[in-house]
Amino acid sequence: MKIACLGGGPAGLYSAISIKLRDAAHDVTVFERNRPDDTFGWGVVFSDETFDNIAANDPTSAQAIREHFAYWDDIAVHYRGQRIVSTGHGFSGIARKTLLLLLQERARELGARLCFQTEIASAGELAREYDLVIAADGLNSKTRNEFAHAFKPAIETRKNKFVWLGTRQKFDDAFTFIFEETEHGWVWAHAYQFDADTATFIVECSESVWRKFGFATMSQDESCRICEQIFEKYLGGHRLMSNAAHLRGSAWLNFPRVLCETWSHDNVVLMGDAAATAHFSVGSGTKLAMESAISMADYLASEPTMKAAYAKYEDARRTEVLRLQSAARNSLEWFEDVERYLHLDPVQFNYSLLTRSQRISHENLRLRDRSWLEGAEAWFQRLAGAADYTVRRPMFAPFRLRDMRLKNRIVVSPMAQYKAVDGCPTDWHLVHYGERAKGGAALVCTEMTCVSPEGRITPGCTGMYGPEHEVAWKRIVDFVHAETDARICCQLGHSGAKGSTQLGWEEMDAPLKSGNWPVMAPSPVAWSERNQRARAMTRADMDRVREEFVAAAEMAARARFDMLEIHCAHGYLLSSFITPLTNWRTDEYGGSLENRMRYPLEIFHAVRAVWPAEKPISVRISANDWVGAEGIQPQDAVEISRMLQEAGVDICDVSAGQTSVRARPVYGRMFQTPFSDRIRNETGMATMAVGNIYEPDHVNSILMAGRADLVCLARPHLANPYWTLHAAAKLGDRAEAWPPPYYAGRDQLYRLAGSAEPAPSPVSEKAV
Ligand SMILES: Cc1cc2nc3c(=O)[nH]c(=O)nc-3n(C[C@H](O)[C@H](O)[C@H](O)COP(=O)(O)OP(=O)(O)OC[C@H]3O[C@@H](n4cnc5c(N)ncnc54)[C@H](O)[C@@H]3O)c2cc1C
Ligand SMILES: Cc1cc2nc3c(=O)[nH]c(=O)nc-3n(C[C@H](O)[C@H](O)[C@H](O)COP(=O)(O)O)c2cc1C
């Protein structure tokens with residue numbers, strides 16, 4: 001077969017090598033516009049895992065590459081006058097130029113033809129002469145443009161500015177991040193050694209800082225001189241160098257995130273940066289390029305037709321690319337939002353940086369550097385005011401809100417049980433909440449407990465509007481206080497337009513088959529086409545509902561609840577005031593966010609006035625309506641939280657969605673936690689994170705990175721009321737208190753956990 005590799009970067013050269021290795025009879029030519037040693041850029045980084053794949057594909061080139069590697073194990077972070085070093089990250093660097101020269105040599109040795117200084121004007125034309133064209137023409141791929149209709153590229157230009165520089169200053173003991181505050185704002189560098197006397201030095205900052213420095217109009221030389229001044233302390237008198245002569249102007253770039261919908265068109269196949277990019281902060285662009293080359297060569301050899309080979313290649317690589325792009329997105333967004341974290345203590349800042357891509361978990365960090373992590377855990381416990389703060393996971397740190405002291409950071413999230421009779425909790429609720437309170441969580445939150453019969457979601461919802469409700473709730477609260485050291489919070493709410501619906505396990509949010517009651521809301525909306533249209537609330541309705549909230553809070557106080565949560569999320573009454581999707585009022589309760597917040601804040605102030613001063617109140621919000629700019633977005637949630645904070649709300653319970661049938665949520669592990677992170681770090685308000693958090697590792701990394709103060713788990717607590725005690729046993733933490741009658745079960749669990757210690761997973765991933 002006659003094969004052309006368009007582009008002599010890692011993707012093109014490694015394709016030539018991998019194809020020739022599998023079938024030397026193929027006639028392979030690499031076309032490269034530059035000279036053989038004319039490469040731009042500095043060093044590239046490989047993780048051990050990538051290197052294993054490369055070594056398995058071609059031990060010869062792998063050996064040659066290995067001989068030129070600079071290895072290092074540490075990551076050093078310079079921040080606020082401190083240098084924090086953690087170890088165990090194991091990765092290696094090589095000069096891009098050396099890598100390409102080695103790959104060129106190997107490709108030639110295997111019989112590929114290399115044509116340098118050959119500009120290819122059109123992959124389409126090349127494709128007429130060749131059976132297959134591998135278009136590995138890089139980030140600015142002309143081929144991608146030539147067949148844009150087929151490849152359908154999505155290109156997203158990211159916010160930050162960066163420039164890829166080099167220096168003779170040694171950074172050979174650690175991959176180094178340097179954060180410097182300048183007169184124009186923060187600028188940072190990613191520095192790593194890649195050969196005996198040169199290091200890559202990528203400088204990055206926000207667009208506004210970049211503008212203030214005037215980098216846009218500088219030559220590459222001028223730009224280097226300014227960066228030298230910024231990082232003078234770290235450069236030991238060495239210069240910063242640019243080798244981006246191929247770029248016009250100052251060589252600063254915005255990172256383009258590229259992903260093509262299809263990767264092949266007739267006999268043209270996209271590869272490497274041309275098909276998909278991964279942000280440089282996860283150091284995986286070369287990895288993706290070379291692993292894609294291996295995959296294409298494999299399928300060319302194994303599949304009966306070219307078409308089948310293209311399809312398999314695309315299928316296999318897309319999954320890998322999406323996985324990596326997701327980690328890369330987390331990482332690049334961390335750098336885009338870094339100013340949000342620049343108030344953090346150096347320990348927490350370092351932790352946040354190391355775990356930014358969410359690929360490195362809390363326990364994985366322990367495998368990398370136990371002593372650093374234990375120091376960080378001790379710091380966390382000390383800050384939390386733990387009596388014995390030696391080494392315990394962050395989830396077992398105490399927390400205090402007003403006079404309420406929590407023994408740890410785990411919260412049983414509110415979950416409707418639909419088992420009440422006329423609003424009255426039953427024995428079901430006593431056993432259900434009692435079990436969860438015994439299970440080790442510090443705080444158990446009740447389901448949405450409704451302030452009136454019409455304010456219920458379903459006929460099975462609990463209420464706090466009759467004297468019998470107060471008595472029944474008090475029985476539950478008394479049990480929790482007498483038999484456990486958990487605290488219990490009452491979530492108060494009103495269903496609004498989402499009321500009068502079926503039980504959760506019947507048809508969720510669907511109207512009752514019979515016996516519907518009229519519903520009201522800020523505006524005359526219907527939850528869905530099937531639900532009844534709500535009546536728009538009058539001032540009298542608003543006053544009445546406010547008084548119902550006050551009466552419910554008074555009952556909750558008499559029932560001795562430790563905390564209240566006002567439900568302003570998920571499309572129920574107060575939430576439907578906040579989101580513009582359901583609030584079309586033209587009075588002072590509609591329009592601006594300030595107006596839409598007015599009624600929920602009125603309720604809060606009225607409730608706060610009757611709720612004991614020493615007890616906290618939280619508010620649950622939907623931080624994202626998941627409908628784009630028409631609804632609440634995470635930046636609005638920051639403003640909402642600021643208003644709550646100013647009003648005196650003690651903690652914001654950051655949920656999302658369920659405010660519109662049009663919502664298109666993006667689910668995933670911990671998918672709502674970024675909203676909590678943003679609120680906590682932009683406003684300084686305490687937060688609870690919730691949503692698909694199910695592993696102790698998730699909880700510990702959220703807390704340690706300062707993304708929330710408390711972590712709510714809902715479904716995991718349905719499956720296992722003893723989630724916290726089990727987590728402690730599994731993690732080897734023996735300090736969480738069990739109910740005395742269960743000691744024998746505890747001891748058995750401890751023994752089993754001790755003997756079934758999971759084998760440590762290999763430390764192979766690059767620390768990004
Ligand atoms: C600041 C920065 C740091 C990075 N750090 C790392 C890192 O640490 N680790 C890592 O793995 N990756 C890193 N990368 C990414 C990495 O450089 C790329 O992902 C990788 O080089 C992609 O390989 P490629 O072969 O697809 O494209 P390229 O390496 O861009 O190669 C494409 C080649 O095609 C040639 N070409 C293009 N058009 C034509 C044409 N019409 N005719 C002839 N020739 C043509 C070009 O001259 C070029 O040589 C970094 C990138 C940046 C910007
Ligand atoms: C059965 C069930 C009932 C729920 N009822 C409520 C509720 O009454 N009030 C509330 O704010 N959230 C309620 N939720 C949402 C949860 O509190 C939580 O935010 C959501 O389930 C995501 O957390 P998870 O991934 O840990 O389950 C409920 C969730 C479930 C599964």
Side-chain angles (χ1 to χ4, degrees), residues 5-15 30-34 38-47 50 91 93-94 96 99-100 115-123 126 135-143 162-165 190 192 194 200 202 204 246 253 255 270-290 292-293 411-418 445-449 457 461-462 491 493 504-505 508 565 567-570 572 620 622 653 655-658 667 670-672 690-694 711-718 766:
C5 297
L6 200 181
L13 288 169
Y14 209 58
S15 285
V30 179
F31 295 100
E32 167 57 50
R33 63 155 71 108
N34 295 319
D38 207 13
T39 180
F40 306 109
W42 300 92
V44 294
V45 176
F46 285 106
S47 69
T50 307
F91 43 115
I94 184 169
R96 179 178 154 97
L99 174 71
L100 293 186
C115 302
F116 291 96
Q117 294 176 272
T118 311
E119 171 85 35
I120 300 296
S122 153
L126 206 60
D137 50 353
L139 191 57
N140 300 313
S141 168
K142 271 205 255 175
T143 311
F162 72 94
V163 63
W164 202 357
L165 305 174
H190 314 232
Y192 51 94
F194 62 82
T200 299
I202 303 168
E204 189 182 2
H246 61 303
L253 301 168
F255 185 81
L270 284 186
M271 189 170 292
D273 275 6
T277 57
H279 191 247
F280 58 85
S281 65
V282 295
S284 297
T286 305
K287 162 198 164 80
L288 277 186
M290 292 175 76
S292 291
V411 179
V412 176
S413 200
M415 278 180 289
Q417 296 296 297
Y418 311 105
C445 200
T446 70
E447 63 208 272
M448 176 165 124
T449 295
I457 309 166
C461 288
T462 51
Q491 188 188 54
W505 54 81
M508 184 95 143
E565 174 161 286
H567 199 343
C568 294
H570 302 170
Y572 299 114
R620 177 168 263 208
S622 281
D653 183 354
S655 186
Q658 298 175 55
Y667 291 115
M670 305 184 267
F671 71 115
Q672 295 170 163
V690 65
N692 221 13
I693 300 166
Y694 48 86
V711 179
C712 304
L713 285 80
R715 289 165 299 170
H717 278 117
L718 289 183
K766 182 187 159 205

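Heavy atoms only: backbone and side chains are in, while hydrogens, waters and symmetry mates are out. The first residue in the sequence is number 1, and the count goes up from there. Ligands are counted one by one from 1 in listed order, and the atoms in each one are counted from 1 as well.
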From CA spacing to verdict: side chain to side chain donor-acceptor pair (under 3.5 Å), S655, H570: CA-CA 8 Å; S655 186; H570 302 170; 2.7 Å; yes
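- A side-chain donor from one of D137 and S141 sits under 3.5 Å from a side-chain acceptor of the other.
- The ligand atoms of ligand 2 that sit less than 4.0 angstrom from a heavy atom of N692 are 24 (P), 25 (O).
- Residues F280 and H190 place their aromatic rings such that the two centres sit under 6.0 Å apart.
- Heavy atoms of N140 come nearer than 4.0 angstrom to ligand 1 in no pair at all.
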task: Walk me through it: do L253 and W164 pass the test side-chain contact (heavy atoms from CB on, under 4.5 Å)?
output: CA-CA 9 Å; L253 301 168; W164 202 357; over 6 Å; no
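- Ligand 2 places these atoms under 4.0 Å from at least one heavy atom of Q491: 7 (C), 8 (O), 9 (N), 10 (C), 11 (O).
- When non-hydrogen atoms are compared, ligand 1 lies under 4.0 Å from the side chain of Y192 (C-beta onward) but not from its backbone.
- Those atoms of ligand 1 that come under 4.0 Å of a heavy atom in F280, given as number and element, are 2 (C), 3 (C), 4 (C).
- Residues Y572 and I457 have side chains in contact (heavy-atom distance under 4.5 Å, counting atoms from C-beta outward).
- If you number the atoms of ligand 1 from 1 as listed, the ones under 4.0 Å from a heavy atom of N34 come out as 47 (O).
- Among the atoms of L713, none of the N or O lies under 3.5 angstrom from an N or O of ligand 2.
- Between atom CD of residue Q417 and atom SG of residue C461 there is a gap of 10.5 Å, rounded to the nearest 0.5 Å.
- Checked by distance only, ligand 1 and G272 stay at 3.5 Å or farther apart across all their nitrogen or oxygen atoms.
- Taking every non-hydrogen atom of M448 and a distance limit under 4.0 Å, the qualifying atoms of ligand 2 come out as 7 (C), 8 (O).
- Formation of a donor-acceptor pair under 3.5 Å by the Y192 side chain with backbone atoms of G43 is found in this model.
- The residue A569 has no part lying near ligand 2, judged by heavy-atom distances below 4.0 Å.
- Residue F162 places no N or O, backbone or side chain, under 3.5 Å from any N or O of ligand 1.
- With a 4.0 Å cut-off on non-hydrogen atoms, K287 touches ligand 1 through its backbone and not its side chain.
- Interface of P716 with ligand 2, defined as ligand atoms under 4.0 Å from a residue heavy atom, comprises 26 (O).
- The closest side-chain heavy-atom distance from S281 to E204 is not below 4.5 Å.
- The shortest heavy-atom contact between A289 and A11 is CB-CB, 3.8 Å.
- Under a 4.0 Å criterion applied to the non-hydrogen atoms of R715, ligand 2 contributes the atoms 24 (P), 25 (O), 26 (O), 27 (O), 31 (C).
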query: Step by step, would you call Q672 with C712 a side-chain contact (heavy atoms from CB on, under 4.5 Å)?
result: CA-CA 11 Å; Q672 295 170 163; C712 304; over 6 Å; no
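- With T449 contributing its side chain and E447 its backbone, the two residues share a donor-acceptor pair below 3.5 Å.
- Of the N or O atoms in E32, one or more lie within a sub-3.5 Å distance of an N or O in ligand 1.
- There is no side-chain donor-acceptor pair under 3.5 Å between T200 and R96.
- Ligand 2 is approached by G691 to a heavy-atom distance shorter than 4.0 Å.
- Judged by the shortest distance from any of its heavy atoms, G504 lies outside the 4.0 Å radius around the atoms of ligand 2.
- Those atoms of ligand 1 with a heavy atom of T118 less than 4.0 angstrom away are 42 (N), 43 (C).
- Atoms of ligand 1 lying under 4.0 Å from at least one heavy atom of L6, given by number and element, are 39 (C), 40 (C), 42 (N).
- Considering only heavy atoms from C-beta on, P414 stays 4.5 Å or farther from T446 through its side chain.
- Looking at ligand 2, you'll find an N or O of H567 within less than 3.5 Å of one of its N or O atoms.
- Contact analysis leaves F46 out of contact with ligand 1, as no non-hydrogen atom separation drops below 4.0 angstrom.
- With ligand atoms numbered from 1 in the order given, ligand 1 contributes 27 (O), 30 (O), 32 (C) to contacts under 4.0 Å with heavy atoms of G138.
- Residue A714 holds the heavy atom nearest to atom 21 (O) of ligand 2 of all those in P414, A714, A416, C445.
- Note that CG of L99 is 10.0 Å distant from OH of Y14, once rounded to the nearest 0.5 Å.
- Q658 CD to S622 OG: the interatomic distance, rounded to the nearest 0.5 Å, is 6.5 Å.
- For ligand 1, the atoms closer than 4.0 angstrom to any heavy atom of A136 are 32 (C), 33 (C), 34 (O).
- In this structure, F255 and T277 have side chains that are in contact, with non-hydrogen atoms separated by less than 4.5 Å.
- Side chains of F162 and H279 form no contact here, defined as non-hydrogen atoms less than 4.5 Å apart.
- Proximity of F31 to L126: side-chain heavy atoms (C-beta onward) are separated by under 4.5 Å at one or more points.
- Only backbone heavy atoms of S284 (N, CA, C or O) come within less than 4.0 Å of ligand 1; its side chain stays farther off.
- Listed by atom number, the atoms of ligand 1 under 4.0 Å from A289 heavy atoms are 23 (O).
- The protein atom (non-hydrogen) at minimum distance from atom 29 (C) of ligand 2 is M415 CG, 3.8 Å.
- The closest non-hydrogen atom to atom 41 (N) of ligand 1, taken over I94, V45, I120, comes from I120.
- Where the criterion is an N or O separation shorter than 3.5 Å, residue side chain and backbone included, R620 meets it with respect to ligand 2.
- With a 4.5 Å cut-off on side-chain heavy atoms, N692 and R715 count as touching.
- Checking only distances, V44 never comes within under 3.5 Å of ligand 1, N or O to N or O.
- Ligand 1 places these atoms under 4.0 Å from at least one heavy atom of K142: 41 (N).
- Residue A11 has at least one N or O atom closer than 3.5 Å to an N or O atom of ligand 1.
- In this comparison of G9, G7, P10, the heavy atom closest to atom 23 (O) of ligand 1 sits on P10.
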